[in-house]
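Worksheet: one structure, shown below.
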Number of protein chains: 2
Amino acid sequence: MPEPTLHARLRAAILSLDLAPGRPLSERGLEPEFGASRTPIRAALMRLESEGLVRRDGKGWIVAPIDLDEIRSLYEYREILESASARLAVERASREDLEALADLARLADADETPEHSIDAGTGFHLELARLSNNDFLIDAMAGVLTRLYRTRWLEVQSAESRERAHREHRAVTAALLARDGASAELATIAHLRGTGERLVASLGESSQRLRATGINLGN
Amino acid sequence: MPEPTLHARLRAAILSLDLAPGRPLSERGLEPEFGASRTPIRAALMRLESEGLVRRDGKGWIVAPIDLDEIRSLYEYREILESASARLAVERASREDLEALADLARLADADETPEHSIDAGTGFHLELARLSNNDFLIDAMAGVLTRLYRTRWLEVQSAESRERAHREHRAVTAALLARDGASAELATIAHLRGTGERLVASLGESSQRLRATGINLGN
DNA sequence: GATACCATACTGGTATACCACAACGCTCGA
DNA sequence: TCGAGCGTTGTGGTATACCAGTATGGTATC
């Protein structure tokens with residue numbers, strides 16, 4: 001296995017909350033931690049900036065904070081992308097592709113580590129986007145999922161929300177397999193809207209309580 | 001006026017077709033042409049890569065070619081984004097904002113240089129996206145417009161297509177001002193679908209004839 | 001004349017030294 | 001004791017030297 005690139009390692013550190021949201025990053029400061037020199041670190045930071053995981057703060061860098069308004073916009077945007085994906089998937093995906101997606105939704109059931117649950121959910125939604133067969137839609141969904149990844153540490157805390165997600169994923173795949181575009185769109189929107197609202201609610205409730213779970217919004 | 005950044009200068013050179021699609025770029029080769037050293041040139045190239053204007057080709061760089069399938073996907077993607085923008089604009093934009101947009105569509109009438117026409121069209125669509133009040137939607141639309149910018153040198157060649165665009169823009173703004181979301185969506189989709197199909201058709205027709213107009217697809 | 005091989009001249013990738021600027025803190029003077 | 005000014009330290013921005021890999025062209029040999 002090739003060792004992960006610097007970009008991938010930095011990315012993983014941010015997504016795992018190992019590098020806390022809002023934390024200032026200095027190019028030289030990351031040199032010892034990641035065993036690389038400024039040039040590739042700079043390149044990685046610039047790339048992470050375009051992914052929305054890192055941000056310029058004045059002249060310096062910070063790990064992108066988790067902002068409530070941004071999450072709201074992101075879910076609205078995602079609803080546009082994902083409902084369109086569902087509609088296109090109904091028109092274009094093969095039966096095999098749809099069944100593979102349904103398997104993803106079904107297999108996600110079992111007892112999982114929170115991290116597995118996050119990755120399974122991300123995988124499901126990304127795979128759905130792939131079925132649209134539109135590379136720009138796929139890339140956009142990948143970007144959204146990346147930007148939302150850290151907030152999902154919250155969602156997967158409760159077994160109930162994990163089960164709800166799986167149930168709703170199965171509802172989406174059922175509509176897709178039935179080639180019912182309108183239902184697939186509606187099921188997708190229902191899933192996202194519910195998830196988004198619960199997430200925003202729990203984020204808005206108290207950033208104090210979140211810090212107790214090890215999650216800091218960074219703002 | 002501050003002098004344009006290196007990124008902006010490279011970007012302008014690509015969008016104006018001064019750097020032909022498909023042309024190989026070497027970091028060192030750009031040094032004398034742009035009077036900068038490799039480090040900032042490299043940074044600019046990485047940024048342009050994330051905007052889709054430059055691409056890695058093996059180990060090297062090339063100006064992104066203009067690919068027919070990509071244009072098709074882009075228009076499909078854009079239809080998703082822009083119809084959603086129109087719908088959101090109907091819900092959210094103030095009367096003043098909508099009238100300002102209508103002004104943009106109206107003022108674009110006059111005799112213009114092709115470049116002005118392109119920028120006016122880009123401005124109109126970007127402004128429409130802004131009225132959605134969703135930053136991600138806005139950024140995505142900006143990205144789409146950037147990626148499509150070079151193809152618009154074709155559209156503005158004919159006075160007839162310029163006039164059609166203006167007319168269709170006015171139809172969109174009329175629906176927006178009437179607060180008729182469904183009509184606004186439909187007018188937007190009609191505009192894009194027609195424009196996209198004509199563009200793809202003329203691109204597909206003959207890349208030979210295009211080269212005569214100074215446009216090379218780079219593939 | 002054809003082919004194989006080697007030298008050379010590129011490529012991007014990396015490490016690092018230097019620059020200007022900004023913020024912080026200490027020191028010196030009132 | 002308080003305040004102002006200056007120096008030290010750290011920031012990103014840039015220029016450049018060096019590295020390893022690669023493709024290419026010329027030459028020498030068969």
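The basis for the numbers below is simple: all heavy atoms, side chains too, and nothing from hydrogens, waters or symmetry mates. Chain A is the first sequence line, chain B the second, and so forth, proteins listed ahead of strands; every chain is numbered from 1.
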Checklist entry - Could you give the CD-to-C1' distance, from E27(B) to dC10(C), as a whole number of Å? => result 13 Å
Checklist entry - Atom CH2 of W61(B) to atom P of dG12(C): distance rounded to whole Å? => result 9 Å
Next on the checklist: Just to be sure I understand the geometry, which residues of residues 47-59 of chain A put a non-hydrogen atom under 4.0 Å away from DNA chain D?
Outcome noted: R56(A), K59(A)
Checklist entry - Any salt bridge between E197(B) and R193(B), counting N to O under 4.0 Å? => result no
Next on the checklist: Would the distance check show the side chain of R78(A) and the main-chain N or O of M141(A) forming a donor-acceptor pair, the cut-off being under 3.5 Å?
Outcome noted: no
Checklist entry - Any sub-3.5 Å donor-acceptor pair from W153(B)'s side-chain atoms to L15(B)'s backbone N or O? => result yes
Checklist entry - Are T122(A) and R152(A) close enough that a side-chain donor and a side-chain acceptor fall under 3.5 Å? => result yes
Checklist entry - Are a donor atom and an acceptor atom from the side chains of R11(A) and T146(A) found within less than 3.5 Å of each other? => result yes
Next on the checklist: For the residue pair R55(B) and W61(B), would you count it as a cation-pi contact if the rule is NZ or CZ under 6.0 angstrom from the ring centre and within 45 degrees of the ring axis?
Outcome noted: no
Checklist entry - Heavy atoms under 4.0 Å, any strand shown: does L25(B) hit a base, just sugar-phosphate, or nothing? => result sugar-phosphate
Item to check | Pairs involving residues 114-149 of chain A, ordered by first then second residue, that meet ring-ring contact (aromatic ring centres under 6.0 Å, His included) (sequence neighbours left out) | outcome: F124(A)-H169(A), H125(A)-H169(A), H125(A)-H191(A)
I'd like a table of atom pairs between the protein and nucleotides 14-20 of chain D - only N or O on both sides, under 3.5 Å - with the distance next to each one.
unit_1  : atom_1 : unit_2 : atom_2 : d
dA15(D) : OP2    : S37(B) : N      : 3.0
dA15(D) : OP2    : S37(B) : OG     : 2.6
dA15(D) : O5'    : S37(B) : OG     : 3.3
dA15(D) : N7     : T39(B) : OG1    : 2.7
dT16(D) : O4     : T39(B) : OG1    : 3.3
dC18(D) : N4     : R28(B) : NH2    : 3.1

Checklist entry - How far apart are the closest heavy atoms of A102(A) and T173(A), and which atoms are they? => result CA-CG2, 3.8 Å
